[in-house]
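Notes for the one structure printed next.
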Amino acid sequence: QVQLQESGPGLVKPTQRLSLTCTVSGESISTNDHYWTWIRQSPGKDLEWIGSLAPSGTTFYNPSLKSRTSISRDTSENQFTLQLGSVTPEDSAVYYCARGFRGVYVNTRRSDFDSWGQGTQVTVSS
C-alpha cells in the first residue's frame, strides 16, 4: 500500500522560497504510470493543482504558478520536492502531495488522486 508524507517548515516569510518534501513508501516514484503531484487548498477555496512529476522525470506546472514553481526528485530516497519562490500571504494553504494518473489538471478534484499525504499547513507571514 502506497503512503505519502509531506515535510517542511510551517512558516515562511514573504518573498522567501517555500520548500516541501514528499516521502513515498510502498512504490517507486520512477516506475509505473503514476504522476506524483502537489496540490494546495486555502480556507474557503477549491483545491489548486500546483504541479506534477512523471515517472520519467518530466514535470508539469500550473500556468498560474509556473514562473515560481519547481518540482524535483531524489530517486535514491524516493522523495519529490516542491519549491515555490517569492511567496506572499496568498500562498498560505494546506499543501498536499498525492498520486495521480496524468500530468495536468484543470479543475482539480479530490477523486483525481487515489492516495494522499495528510497535508501540511504552510503560513506565509513576517
Side-chain angles (χ1 to χ4, degrees):
Q1 179 180 356
V2 66
Q3 293 185 322
L4 300 91
Q5 179 66 59
E6 305 90 350
S7 60
L11 180 64
V12 183
K13 294 185 184 299
T15 75
Q16 291 188 341
R17 176 176 296 177
L18 178 163
S19 182
L20 297 174
T21 295
C22 183
T23 301
V24 179
S25 60
E27 181 178 335
S28 169
I29 63 172
S30 57
T31 59
N32 298 313
D33 296 323
H34 296 127
Y35 290 74
W36 304 96
T37 304
W38 286 100
I39 303 144
R40 69 182 184 181
Q41 188 168 32
S42 303
K45 295 187 177 181
D46 293 334
L47 292 170
E48 181 177 28
W49 170 65
I50 301 171
S52 301
L53 175 72
S56 64
T58 301
T59 51
F60 305 84
Y61 298 116
N62 185 325
S64 69
L65 299 170
K66 184 176 182 178
S67 64
R68 302 191 287 131
T69 306
S70 176
I71 296 175
S72 60
R73 66 180 182 177
D74 182 340
T75 55
S76 65
E77 297 291 334
N78 214 39
Q79 297 174 330
F80 62 107
T81 297
L82 167 70
Q83 294 194 63
L84 181 67
S86 305
V87 296
T88 72
E90 285 66 42
D91 292 310
S92 298
V94 178
Y95 284 74
Y96 300 92
C97 57
R99 186 178 75 173
F101 304 93
R102 62 182 187 270
V104 177
Y105 297 86
V106 178
N107 297 310
T108 307
R109 300 168 298 181
R110 189 163 288 272
S111 60
D112 288 332
F113 309 95
D114 68 349
S115 296
W116 290 74
Q118 65 182 21
T120 187
Q121 173 69 50
V122 176
T123 301
V124 179
S125 176
S126 56

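For the single chain, residues carry numbers from 1 onward in sequence order.
Between Glu27 and Gln3, the closest side-chain pair of non-hydrogen atoms is not below 4.5 Å. Here the side chains of Thr69 and Leu82 are in contact, with some heavy-atom distance below 4.5 Å. Val122 places none of its side-chain heavy atoms less than 4.5 Å from the side chain of Arg40. Proximity of Ser115 to Leu4: side-chain heavy atoms (C-beta onward) are separated by under 4.5 Å at one or more points. Contact check for Trp38 versus Ser52: no side-chain heavy atoms found under the 4.5 Å cut-off. Between Leu84 and Arg17, every side-chain heavy-atom pair lies at or beyond the 4.5 Å cut-off. For the pair Phe101 and Asp114, the minimum side-chain heavy-atom distance is below 4.5 Å. Side-chain contact between Pro14 and Ser126 is present, with heavy atoms from C-beta onward closer than 4.5 Å.
The aromatic ring centres of Phe113 and Tyr105 sit less than 6.0 Å apart.
Classification of the Phe80-Trp36 ring pair by plane angle, with boundaries at 30° and 60°, yields tilted.
Transitive grouping of hydrophobic side chains (ILVMFWY, heavy atoms separated by less than 4.5 Å) brings Val24 and Tyr95 into a common cluster. Residue Leu47 is not grouped with residue Ile50 when hydrophobic side chains (ILVMFWY) are merged at heavy-atom distances under 4.5 angstrom, including chains of intermediate members. A continuous path of ILVMFWY side-chain contacts below 4.5 Å connects Trp49 to Val94, so both sit in one hydrophobic cluster. Each of Tyr35 and Ile71 belongs to its own hydrophobic cluster when Ile, Leu, Val, Met, Phe, Trp and Tyr are linked at side-chain heavy-atom distances under 4.5 angstrom. The hydrophobic clustering, which links ILVMFWY residues whose side-chain heavy atoms are closer than 4.5 Å, places Ile39 and Val124 apart.
Under the 3.5 Å distance criterion, the side-chain polar atoms of Arg73 are left unmatched by any main-chain donor or acceptor of Thr75. Within the 3.5 Å criterion, the main-chain N or O of Ile29 finds a donor-acceptor partner in the side chain of Asn78. Remark: side-chain polar atoms of Glu6 are paired, donor with acceptor, to backbone N or O of Gly119 under 3.5 angstrom.
For the 3.5 Å distance criterion, the side chains of Thr123 and Ser125 fail to qualify, holding no donor opposite an acceptor. At a cut-off of 3.5 Å, with distance as the only test, no side-chain donor of Thr21 or Ser7 sits close to an acceptor on the other residue. With hydrogens and angles left out, the side-chain atoms of Ser19 and Gln83 include no donor and acceptor closer than 3.5 Å.
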Fill in: Candidate pair Glu48 and Gln41, rule side chain to side chain contact (heavy atoms under 4.5 Å, CB included), full reasoning
CA-CA 6 Å; Glu48 181 177 28; Gln41 188 168 32; over 6 Å; no

Discussion item. Using side chain to side chain contact (heavy atoms under 4.5 Å, CB included), reason through Gln79 and Cys22 one step at a time and then give a plain yes or no.
Written reply: CA-CA 5 Å; Gln79 297 174 330; Cys22 183; over 6 Å; no

Item to complete: Report the C-alpha separation of Leu20 and Thr120 in whole Å, then their side-chain angles, then the decisive distance to 0.1 Å, and conclude whether the side chain to side chain contact (heavy atoms under 4.5 Å, CB included) test is met.
Response: CA-CA 9 Å; Leu20 297 174; Thr120 187; 4.1 Å; yes

Fill in: Derivation and outcome, side chain to side chain contact (heavy atoms under 4.5 Å, CB included), residues Tyr61 and Ser70
CA-CA 8 Å; Tyr61 298 116; Ser70 176; 4.2 Å; yes

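More than 12 heavy atoms of other residues, nucleotides or ligands shown are found within 6.0 angstrom of CZ on Arg110.
Considering CD of Gln118 and SG of Cys97, their distance stands at 9.5 Å, rounded to 0.5 Å.
Taking 4.0 Å as the cut-off between side-chain N and carboxylate O, Asp91 and Arg68 count as a salt-bridged pair.
In terms of heavy-atom proximity, Gly117 sits nearest to Tyr96 at O-CD2, 3.8 Å.
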